[in-house]
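Bear in mind that the values here come from a model prediction, so they are computed numbers and not experimental data. Letters go in sequence order (proteins before strands), and every chain restarts at 1.
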Amino acid sequence: MKNKLELPLLEDYLDGKLSLDQRLEIEKLLTTDSELEAEVQALMLAREAIEMHGWKTDIAKTQEAYLDTRKIRSIDSSPTQNSKPNWYLRIAASASIILVGLATFIFIKTSPESLDQHFLSYQVPVMRGSAEIESRIKKAYQSEDYQEVIEMAALDSELDLDSRFLLGMAYLELGKGKEAVDELQIIEKINESSSIKLYVEETDYYLFRAYLMNGDYNLAQNQIEKIRSNTRHKYYQNVNRWDAMKIKILELKN
Amino acid sequence: MKLNKHASDREISEMIRMKKDQNIAIAQLYEQHYGLLEKLVLQNNGTEDDAADVIQDSMLVLVQMIKSEKFRGEASIKSILYSIAKNKWISEIRKQKSTQNRHESYHLEEDEYSPDVSEAIANQENLKYVMALFEKLGDTCRRILQLFYYEELAMKEICEQLEFSSEQVLRNKKYKCLKSLTDSVKASPGISKTLQKILRNEK
């Protein structure tokens with residue numbers, strides 16, 4: 001390996017031009033011959049540096065041309081004295097274009113997903129020091145095994161309110177808006193006929209999300225109004241007029 | 001390829017990777033990203049000249065990432081370039097501070113860079129050293145190696161362009177030039193162990 005052919009042979013090795021036997025022979029030598037290894041590394045570095053030097057030259061030329069063009073552009077577009085009378089007109093025109101552009105942008109960008117991304121998933125409260133034995137459904141929900149929540153709930157003929165709410169949340173997490181609405185509406189009905197009301201405000205908020213998921217924008221709008229009408233509502237800060245406007249846009253786009 | 005008004009990241013990276021219309025690709029990178037990168041440096045106590053240096057270096061790092069397939073399009077070219085330029089400018093400020101004891105404030109905070117970006121920047125620092133060794137070669141050597149490895153011309157074309165008497169004479173000359181460069185590389189204490197480690201992994 002230490003003859004004049006060494007470098008071209010190593011180049012063929014790096015370029016994958018050698019036969020399998022030749023390649024294996026070099027690879028075997030590389031594991032034992034540190035001098036050869038250093039030679040290969042130096043060759044790889046040298047070839048990479050030559051190529052990068054070429055790129056560097058091209059980049060430098062492009063940068064020079066770009067900066068020259070930019071200078072010319074800035075001279076061409078610099079204001080002259082004659083252009084002063086048109087100045088205010090230009091600002092007004094620009095502002096109009098920006099407003100129209102902004103409105104178009106908002107209209108195009110508003111989608112159910114753009115609203116949905118602000119939602120927070122329901123988190124089961126942690127009861128510090130509580131000796132409460134957590135239900136299996138709650139544990140499955142906490143470990144984000146939503147399918148397990150649904151399957152366990154299906155086996156329970158007398159689902160309590162906690163579990164039913166988590167079932168609704170599990171459907172929401174899995175993008176099953178219709179099923180989530182069904183469960184949350186059952187909770188609303190139970191609360192209407194019960195003296196102890198649970199998950200009232202949570203139900204308001206997550207129904208909003210479920211309606212939105214189903215494309216029932218009118219019903220989602222009602223939920224926003226319900227939440228916004230009560231400044232003490234737990235989710236008052238989570239929905240705003242901007243959300244209401246976005247839903248109106250979605251209705252229009254529908 | 002005609003110069004698009006706005007070539008996509010994929011088009012640009014393909015042009016660079018395949019070395020096809022690479023000047024158009026670089027021009028597009030400048031058109032699309034120079035303003036943003038310049039602003040980054042200017043807003044952090046840099047001058048237009050500082051910005052030009054940082055951007056030129058950053059473009060080279062990006063090219064290197066594309067060529068070595070470290071850029072696979074998961075992030076946008078814009079974010080990768082921004083990350084490289086930010087990293088480079090922070091290093092430059094640090095250098096200036098230590099040499100000139102400057103105490104001006106700057107607003108850049110170091111992000112967590114992706115390992116690929118950090119590795120490409122470190123690799124480029126080492127390559128700069130070898131590029132400097134290449135620049136020390138004679139003019140003919142530089143031209144032969146450049147035409148062969150960068151322009152990817154065939155020996156026959158190089159032979160005609162540089163007016164060599166035969167391809168064999170050119171081959172011998174190319175061998176001597178490359179050998180001279182690799183010998184300088186091997187003899188350089190400046191080549192870090194880090195790069196050798198990187199090269200081992202690439203092998």
Donor-acceptor under 3.5 Å (A:D15 side chain, A:K17 main chain): no
Side chain, backbone, both or neither: which part of B:L29 has a non-hydrogen atom closer than 4.5 Å to chain A? neither
Donor-acceptor pair between A:S34 and A:E37 side chains, under 3.5 angstrom: no
Going by the rule side-chain contact (heavy atoms from CB on, under 4.5 Å), which residues pair with B:K39 if we only count those two or more places apart in sequence or in a different chain? B:Q43
One thing to verify: whether B:E14 and B:K20 come together as a salt bridge, which I'm taking to mean a side-chain N less than 4.0 angstrom from a carboxylate O. no
Which pairs of donor and acceptor atoms, one on a side chain in residues 147-154 of chain B, lie under 3.5 Å apart (sequence neighbours left out)?
unit_1	atom_1	unit_2	atom_2	d
B:Y149	OH	A:E11	OE1	3.0
B:Y149	OH	A:E11	OE2	2.5
B:Y149	OH	B:K174	NZ	3.3
B:Y150	OH	A:D58	OD2	2.6
B:E152	OE2	B:K19	NZ	3.2

Tell me, out of B:L145, B:L60, B:D183, B:D57, who's got the most heavy-atom pairs with chain A below 4.5 Å. B:L60
With respect to chain A, which residue among B:Q64, B:M59, B:E48, B:R171 yields the maximal number of heavy-atom pairs within a distance under 4.5 Å? B:Q64
When only pairs under 4.5 Å are counted, which of A:T62, A:I59, A:L67 shares the most heavy-atom pairs with chain B? A:I59
Under 4.5 Å from any heavy atom of chain A - which part of B:E135: side chain
Pick one of side chain, backbone, both or neither for B:K128, based on which atoms fall under 4.5 Å of a heavy atom in chain A. neither
NZ or CZ of A:R228 within 45° of A:Y236 ring axis and under 6.0 Å: yes
Chain B contacts, top residue of A:E51, A:E27, A:R47 (heavy-atom pairs, under 4.5 Å): A:E51
Which portion of B:A52 sits near chain A, non-hydrogen atoms under 4.5 angstrom: both
